[in-house]
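To start, the structure itself, in structure tokens.
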2 protein chains.
Amino acid sequence: MKNEDEPKDKRLKGGDVQKLTMAEVAKYVGVSAMTVSRAFRQDASVSEETRKRIMEAVDALGYVLDLSAGSLSSRRSGFIAALVPSINNSNFSDTARGITDALEDTGLQLLLGYTDYSAEKEEKLIEAMLRRRPEGIILTGGSHTARARRMLDKAGIPVVETWEIPEEPINHVVGFSNGEAMSLLVRTLASQGYRRFGYIGGTTARDTRGSQRRSGFLKTVEELGLGPGRAISFGVPPITMEQGGQAIVSLLERWPDTEVVLCVSDLSAFGAIMECKRRGMSVPGDIAIAGFGDYEISSICHPSITTINVDCYGIGRQAAARLLDALQGSGEATGDEITLTGYRVVLRESTDRGAS
Amino acid sequence: MKNEDEPKDKRLKGGDVQKLTMAEVAKYVGVSAMTVSRAFRQDASVSEETRKRIMEAVDALGYVLDLSAGSLSSRRSGFIAALVPSINNSNFSDTARGITDALEDTGLQLLLGYTDYSAEKEEKLIEAMLRRRPEGIILTGGSHTARARRMLDKAGIPVVETWEIPEEPINHVVGFSNGEAMSLLVRTLASQGYRRFGYIGGTTARDTRGSQRRSGFLKTVEELGLGPGRAISFGVPPITMEQGGQAIVSLLERWPDTEVVLCVSDLSAFGAIMECKRRGMSVPGDIAIAGFGDYEISSICHPSITTINVDCYGIGRQAAARLLDALQGSGEATGDEITLTGYRVVLRESTDRGAS
DNA sequence: TCTAAAATTGTTATCGATACCATTCTGCCT
DNA sequence: AGGCAGAATGGTATCGATAACAATTTTAGA
């Protein structure tokens, strides 16, 4: 509405204006637009010879298909939406990568959004995504605002929740129990003789996976009769390496005789270990530390870090696969399903009782 | 074409089918569709009272705007495309985050793609993106296939190349000279007395930033009269922590008296340091090691790692800002510009001559 | 050789919102 | 009172491809 003096031909460089339409390609070749449209699809019945001529013309003219027009009439957007808490966290970027890979050659494109661990931001993003009419949507976690659930329900598209097992799944689930995984780690370390357990995590309000890990920890320590767990919260998720370092300091101030500290993620565990070393404490000699997530760093650093390996990439691949299933066999699909993904304890130097 | 028995009402849950259109909302409220459309936009002239009634109806009915229809008629897709080599690399995910943040509240949405450091994959992605008719596109690096350049040129949208200074920019550039940055690091360390320099990077064919860093290294070592640089290549980019460790082993086998090793990234530097420690070598006592990129890990780990800090997030923000400029002031824009982003040497323990 | 079936191509209507222009309605100034 | 600017709203054409169906050509079988 403003500053509209020049015609409509606003551009930057010298190339031809992007005004080519399918109809013009069709005229150039001497066929109908419909035939050009068909030539762009695999399954469509177009003679090889015609397709070849059309594709040559497309090349010569520099035509690029316009999917926004196509998706309107075909009622298929070609989008899959996925929301992750943070893309700077390699666990989630691995999941995003898994989704992308699974979508390759399906003609579906990934629309990625970051929620910053906030349900409100997730709600806004879900709406923004739905405006693009995605054919399916992948979410992280099972905690959503009421309006978000309503919108998803109305959208009538398959939904996959990942990375945890929601109490009330919307539709499909691909994930694992963060609480049980943490519990397994506690039990494993307890069986090695550790008794006085500490825990480091972020403030729990936003990060549901984090709070599940925390309560898995507390519950298990209790069950094993190892007194009340010594848990402290430090910083808003995602808790950084630096915060991990600060956290262990306050934990040890409060409970100096702690034997082993479990952290909500490898990143905070790494920060904690480095801080200990800086203060002249030996890990695992003076204190043992474990993480969660099996980030690359944990197998490389010294001491290497005991952790829970989670199949981040697989979660992405399988979530996308569930979505594709749902889109294809929409008829006979058994409906909502829970796909459990594996995890395993990886024991490394940072909790090695025999080490110095 | 296949398995199409049921009507058209295929869905999963009980909610209403997503068949609501703007016209139905309009009818419900008793206005025209056009008025509903206007109510969804900020600037449009609709009386507050009408807008309120419309929004209530939208809420009640659960209507979600359909942008794919809108973008067709308005000829504005609302998309910005961005291609990064890898999303698992925190440097690039920081850039992606910068773009996302800069786009907030502009009504523009980010379409993200991963090229895997491959120009061919980039070409395919560019085409896939252009099919969505983005209003602008952000690329990493200045190395593109001929066809990619042609497509971009034809598209008639602003293009921003980032993270380096291409010899022949397409349009806008937001980045820095990787060669000069590495050169600065070499000179800084040389001024501290280091003489025998080694270099670790990936094979150069694909990673243009990596090869610029490498040649910046070689050139500067030469200029300083410090003999031929000792550079080795190890693995395809992005080179991992583990490969960094393997690389330094072969480097030291070949040139045992190397005093300081610069790495193409902090990740490989970290891997190299850890491998040295495992082998009983002291860093920086026996050998000094530096990285590039100032990843979080480098300030936390022990020893902390000397590196080049790059404003990854700022690159994203500024790239998006350039794009927004170009989209708004399309008239008076001075056209192609190069925005230099800063970098600086961060000296840390891993190259500290005084340390043990 | 002829006919039915299959493959190929064309025609027209349509997807759902928005641009553009027309119309109606206020309120205010001379 | 007349007139007119500006706000609010409506009507219609259109964006560019594709679904659905029709028409045509080719192929294959008897």
Side-chain angles (χ1 to χ4, degrees), chain A residues 1-2 4 7-8 17-54 57-58 61 63-79 107 130-133 135 155, chain B residues 1-2 4 7-8 10 17-54 58 61 63-79 107 130-133 135 155:
Chain A
M1 287 273 181
K2 32 188 85 161
E4 278 288 352
K8 53 178 63 179
V17 190
Q18 172 71 14
K19 219 184 169 150
L20 266 181
T21 150
M22 205 172 246
E24 301 179 59
V25 177
K27 192 191 298 176
Y28 184 90
V29 181
V31 296
S32 74
M34 195 61 231
T35 304
V36 176
S37 171
R38 283 193 267 251
F40 269 100
R41 285 183 292 185
Q42 294 238 340
D43 59 314
S45 66
V46 186
S47 75
E48 261 327 301
E49 198 263 333
T50 310
R51 169 176 275 130
K52 189 161 150 270
R53 269 169 50 222
I54 290 175
V58 165
L61 297 172
Y63 171 73
V64 175
L65 192 58
D66 186 335
L67 290 183
S68 63
S71 57
L72 180 58
S73 65
S74 70
R75 302 156 137 301
R76 300 197 47 218
S77 68
F79 279 125
L130 289 180
R131 289 183 169 189
R132 301 285 182 184
R133 297 291 186 269
E135 299 180 32
Chain B
M1 287 277 182
K2 31 189 86 162
E4 278 289 352
K8 53 178 60 179
K10 62 172 179 183
V17 190
Q18 169 72 14
K19 222 188 165 144
L20 267 181
T21 148
M22 205 170 246
E24 300 179 60
V25 177
K27 192 191 298 176
Y28 183 90
V29 182
V31 296
S32 73
M34 197 59 234
T35 303
V36 176
S37 170
R38 284 194 264 254
F40 270 102
R41 283 182 296 183
Q42 295 240 338
D43 59 314
S45 67
V46 186
S47 74
E48 261 326 302
E49 198 264 333
T50 310
R51 168 176 275 130
K52 187 159 150 273
R53 271 170 47 222
I54 290 175
V58 164
L61 297 173
Y63 170 73
V64 175
L65 191 57
D66 186 335
L67 290 183
S68 62
S71 57
L72 181 57
S73 65
S74 70
R75 303 158 135 301
R76 301 199 47 220
S77 67
F79 279 126
L130 290 181
R131 289 182 169 188
R132 300 287 182 183
R133 297 291 186 269
E135 300 180 32

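Lettering of chains follows the sequences in order, A, B, ..., and the numbering in each one begins at 1.
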| message | What is the distance, to the nearest angstrom, from the CG atom on B/Leu67 to the C1' atom on C/dC15? | response | 15 Å
| task | Could you check how far CZ of B/Arg131 sits from C1' of D/dA17, rounded to whole Å? | result | 13 Å
| Over how many whole Å does the gap from A/Arg75 atom CZ to D/dA19 atom C1' extend? | 10 Å
| Touch class at under 4.0 angstrom, heavy-atom based, for A/Thr21 against every strand present | sugar-phosphate
| field | Test side-chain contact (heavy atoms from CB on, under 4.5 Å) applied to B/Ser32 - qualifying residues, sequence neighbours left out | value | B/Met34, B/Thr35
| said: Students often get this wrong, so: under 4.0 angstrom with heavy atoms, is B/Arg41 touching a base, only sugar-phosphate, or nothing? | reply: sugar-phosphate
| request: Ignoring hydrogens and angles, tell me if any N or O in the side chain of A/Arg75 forms a donor-acceptor pair with the backbone of A/Leu72 under 3.5 Å. | output: no
| query | Is NZ or CZ of B/Arg131 both nearer than 6.0 Å to the six-membered ring centre of A/Phe40 and within 45° of the ring axis? | reply | no
| said: Can you confirm whether B/Arg38 sits close enough to B/Thr50 that some side-chain heavy atom of one is under 4.5 Å from a side-chain heavy atom of the other? | reply: no
Pull out every protein N or O sitting under 3.5 Å from an N or O of nucleotides 10-14 of chain C, one pair per line with the distance.
from, atom 1, to, atom 2, distance (Å)
C/dG10, OP2, A/Ser32, N, 2.8
C/dG10, OP2, A/Ser32, OG, 3.0
C/dG10, OP2, A/Thr35, OG1, 2.6
C/dG10, N7, A/Arg38, NH2, 2.7
C/dG10, O6, A/Arg38, NH1, 3.4
C/dG10, O6, A/Arg38, NH2, 3.4

| Nearest-angstrom distance from the residue atom CE of A/Met22 to P of C/dC15 | 19 Å
| To the nearest Å, how far apart are A/Arg76 CZ and D/dG16 P? | 22 Å
| remark: Separation of D/dT18 atom P from A/Phe40 atom CZ, nearest Å, is 9 Å
| said: Give me the atom names and distance for the closest heavy-atom approach of A/Leu65 to B/Arg133. | reply: O-NH1, 3.2 Å
| request: For B/Arg132 and D/dC15, give me the distance from atom CZ to atom P, rounded to whole Å. | output: 21 Å
| Can you name the closest pair of heavy atoms from B/Val31 and B/Arg53 and give their distance? | CG1-NH2, 4.2 Å
| note | Of all heavy-atom pairs linking B/Ala23 and B/Ala33, the shortest is CA-CB, 4.2 Å
| message | For DNA chain D, which residues of residues 47-54 of chain B approach it to below 4.0 angstrom with any heavy atom? | response | B/Ser47, B/Thr50
| query | Nearest to the side chain of B/Tyr63 - C/dA17, D/dA8, D/dA19? | reply | C/dA17
| In whole angstrom, what separates A/Leu72's CG from C/dC15's P? | 9 Å
| If every non-hydrogen atom of B/Arg76 is compared with every non-hydrogen atom of B/Glu135, which pair is closest and at what distance? | NH2-OE1, 3.0 Å
| message | Looking at B/Glu48 and B/Lys52, is any side-chain nitrogen of the basic one under 4.0 Å from a carboxylate oxygen of the acidic one? | response | no
